[in-house]
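Each chain gets a letter, A, B and so on, in the order the sequences are listed, and its residues count up from 1. The structure displayed is predicted, hence computed values, not measured ones.
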Amino acid sequence: MSTAPPDPEGTPTDDVARKNFVEQAIDADLAEGEAAAVLTRFPPEPNGYLHIGHAKAICVNFGIAARYGGSCNLRFDDTNPAKESQEFVDAIQDDIRWLGFEWAGAPLHASDYFEELYGFAVQLIEKGLAYVCDLSAEETREYRGTVNEAGRNSPYRERSVEENLDLFTRMRAGEFEDGARTLRARIDMSSANLNMRDPVMYRIARAHHQRTGDAWCIYPMYDFAHGQSDAIEGITHSLCSLEFENHRPLYDWFLENIDGLPHPRQIEFARLQLSYTITSKRKLQELVASGSVSGWDDPRMPTIRGLRRRGYTPEAVRAFCDGLGLTKFNSTHDMHLLENALRSDLNARALRRMAVLRPLKVVITNLEEDARIERQAVENPEDEGAGTRPVHLTREIYIERDDFREDAPRKFFRLKPDGHVRLRYGCVLRCDEVVKDDTGEIVELRCSMVEGTFDGQTPEGLGKVKGIIHWVSAADAVDATVHLYDHLFREPQPLKDGRTLEDDLNPDSLEVVTGAKLEPALGDAAGGERFQFERLGYFVRAEGETEPVFSRAVTLRDSWAKLEKKG
RNA sequence: UACCCCGUGGUGUAAUUGGCAACACAUCUGGUUUUGGUCCAGACGUUCCAGGUUCGAGUCCUGGCGGGGUAACCA
């Protein structure tokens, strides 16, 4: 759909061949014969729902594999059963498929390799490269030292291979309390890289694992599981985020010291940061727990499920991710990019409809009581094949309250007392009278239809009518509830400089509008169906509601709002 | 303070690996338009700083400065 036209000049400006630093590295590996086919992996921990940041990682891993004719595994990094669950395993697969990606073969799990991993650990013990340590968690931390200060060797560091083997066997057998002992790599307690100061490989934890049940009471740490899992699967390039940079020496150390394993290359890239939102799992969890949002799938959440309910298309999310670029620079992308990706996708595909959010009744006084003037409205001006639909102009219609002003500012091209405006697909209206109630609130406009103004015609002497507004026939209107969503946070960089959720949450991120008037064609829209409400934005019909409920996915660009803001 | 990584318009990415700094978004200005949408055209930079190598440096070297990451038996 968004295929770029071929460059007519044939100039070397093609953006097709432009490669990011990861692809350049892969090219080099391929050229040197370091790797044959490219195999990547997406390794989520099943302890939460996927968000827009994961979408980038998914597009990177699946995208690069596809570009090299390779494939991408889905592997759950399920080494911490206390925090993980099957619920997330299922949800993650669902979200990846929704995005439009399919992994190679069955979904894989680090837990599939627990037995093999255990064997690797035994091998390292036999080589004198791992030992059982009796230090408590707190002591381990103390012994590790700090960034400025070298660590100290554990008093258990010099245990014999036999003793270590015996102890490790008994750890597995469940002879010791949780946390009583660990298996640690024997590397260098004075390393400048804290990750190399005899990192823990296994801890004792009696937690029920969603796949292995109670078969194990010791679980491998990320560092000991991840690289070896990559190697077992024959991953060629293990792409991860920047915070694992300091782990790469350890990743490499395990692979070098375990016999017979291929050596995948870990390459780190910057994770996605988006303005006006957050992608910290913990903070998102907080939003859900505090009731600031209705759940992980609240349409304001940056989760895949949230975006989905918000009305985002997978195509838009992918287009957004593909436009990000891939670097090691810690940057924050503009939320506009995500929104524009959706606008551009839906502009091309969404059918247009008229809907009035805050209705103001207009009586067209020179129209008969039972008049029904049929007009053909264009379904989508970007897609001629979409055709037209009928709309009916009647004596009573609704227009948007915002489209009338008693004291209209300069450049306000809409309706004002004694002013003219064109009804979309209809005639020009003249505002003759403003009807108010006792409190002074405008309850009705009495207007007259100007003869000879259908089909864009303007009779002599009327002058150019610049304003065009949408409307809905009162006789045909379908009532609806509309959810107007805005950014969840009011700050471009939420939670910066110690600010809290309460400080930065946008109090107006959701406005529920009842009594909106929809054109009848919208009444039987299916759940999940998306439309452009003309002049308002893109909306999606909510699922699982019997009465019509629509959610605003994103507004249209609004140059009038911008103008007015400037004053 | 130790180690690792990163500094190119407002934001984010390019620059054929040493040869006229390009693209997208944002912003502003115009044009088209029965959506103040879409579309089209134009405007907006001494590549963090200082030295050095070179005919030539965003790119290489040295030294600063600035930002991020790292001290879970989390991933």
Item to check | Nearest-Å distance for atom pair CG/P, residues A:Leu423 and B:U35 | outcome: 13 Å
Item to check | Pairwise 5' ranking along RNA chain B for A:Glu245 and A:Leu326, keeping only the more 5' one | outcome: A:Glu245
Checklist entry - Is there aromatic stacking of A:Tyr222 against B:A75, centre distance under 5.5 Å, plane angle under 30°? => result no
Next on the checklist: Please pick, from B:U34, B:G37, B:A75, the nucleotide with the shortest atom-to-atom distance to any side-chain atom of A:Pro381.
Outcome noted: B:G37
Checklist entry - Given A:Glu564, which of A:Arg405, A:Arg410, A:Lys411 fulfils the salt bridge (charged side-chain N to carboxylate O under 4.0 Å, His left out) condition? => result A:Arg405
Item to check | Separation of atom CG in A:Leu556 from atom P in B:U33, rounded to whole Å | outcome: 19 Å
Next on the checklist: Considering every strand and a 4.0 Å limit on heavy-atom distances, what is the contact class for A:Thr327: base, sugar-phosphate, or nothing?
Outcome noted: sugar-phosphate
Next on the checklist: Does A:Glu243 contact B:U70 through a side-chain donor or acceptor facing the base, at a distance under 3.5 Å?
Outcome noted: no
Checklist entry - How is A:Phe412 classified with respect to the nucleic acid when contacts are heavy atoms under 4.0 Å: base, sugar-phosphate, or nothing? => result base
Checklist entry - Is A:Thr79 near enough to B:A75 that one of its side-chain N or O atoms lies under 4.0 angstrom from OP1 or OP2? => result yes
Checklist outcome for this item: Looking only at B:A14, B:G69, B:U34, the nucleotide nearest the A:Asn20 side chain is B:A14
Item to check | Cation-pi, A:Tyr538 ring and A:Arg343 (6.0 angstrom, 45 degrees) | outcome: no
Item to check | A:Glu374 atom CD, over 12 foreign heavy atoms within 6.0 Å | outcome: yes
Checklist entry - What's the closest nucleotide to the A:Leu563 side chain, out of B:A75, B:A14, B:G36? => result B:G36
Checklist entry - With respect to the side chain of A:Val147, which nucleotide from B:A14, B:U35, B:A2 is positioned closest? => result B:A2
Checklist outcome for this item: Among the nucleotides B:C4, B:A26, B:A72, whichever has the atom closest to the side chain of A:His336 is B:A26
Checklist entry - Is the centre of the A:Phe412 ring less than 6.0 Å from the centre of the A:Trp560 ring? => result yes
Checklist entry - Relative to the ring of A:His51, is the ring of A:His54 parallel (under 30°), tilted (30 to 60°) or perpendicular (over 60°)? => result tilted
Checklist entry - Within less than 4.0 Å of OP1 or OP2 of B:G7, is there a side-chain N or O belonging to A:Asn330? => result no
Checklist entry - Of the candidate nucleotides B:U35, B:A75, B:C28, which contains the atom at the shortest distance from the side chain of A:Phe244? => result B:A75
Checklist entry - Is B:U17 in the syn or the anti form, by the rule that syn lies within 90° of 0? => result syn
Item to check | Nearest to side-chain heavy atoms of A:Met221, which nucleotide of B:A72, B:G36, B:G12 | outcome: B:A72
Next on the checklist: By the 4.0 Å heavy-atom rule, please label A:Gly426 as base, sugar-phosphate, or nothing.
Outcome noted: base
Checklist entry - On a plain distance test, is the side chain of A:Arg343 in donor-acceptor contact with the base of B:G37 below 3.5 Å? => result no
Item to check | Spacing of A:Lys411 atom NZ relative to B:U29 atom C1', expressed in whole Å | outcome: 11 Å
Next on the checklist: Given A:Glu534, which partner from the list A:Arg424, A:Arg352, A:Arg353 fulfils the side-chain hydrogen bond (donor to acceptor under 3.5 Å, both in side chains) test?
Outcome noted: A:Arg424
Checklist entry - Per the atom types in the model, does the base of B:G37 pair as donor or acceptor with the side chain of A:Glu382 at under 3.5 Å? => result yes
Checklist entry - Of the nucleotides B:U35, B:A14, B:A72, which has the atom closest to the A:Glu534 side chain? => result B:U35
Checklist outcome for this item: With syn meaning chi within 90° of zero and anything else anti, the base of B:A26 is anti
Item to check | From B:U11, B:A75, B:A15, nucleotide with atom closest to A:Gln24 side chain | outcome: B:A15
Checklist entry - What's the CZ-P distance between A:Arg410 and B:G36, to the nearest Å? => result 19 Å
Checklist entry - Which nucleotide in the set B:U13, B:G37, B:U70 lies at the smallest distance from any side-chain heavy atom of A:Phe329? => result B:U13
Next on the checklist: Considering every strand and a 4.0 Å limit on heavy-atom distances, what is the contact class for A:Tyr202: base, sugar-phosphate, or nothing?
Outcome noted: nothing
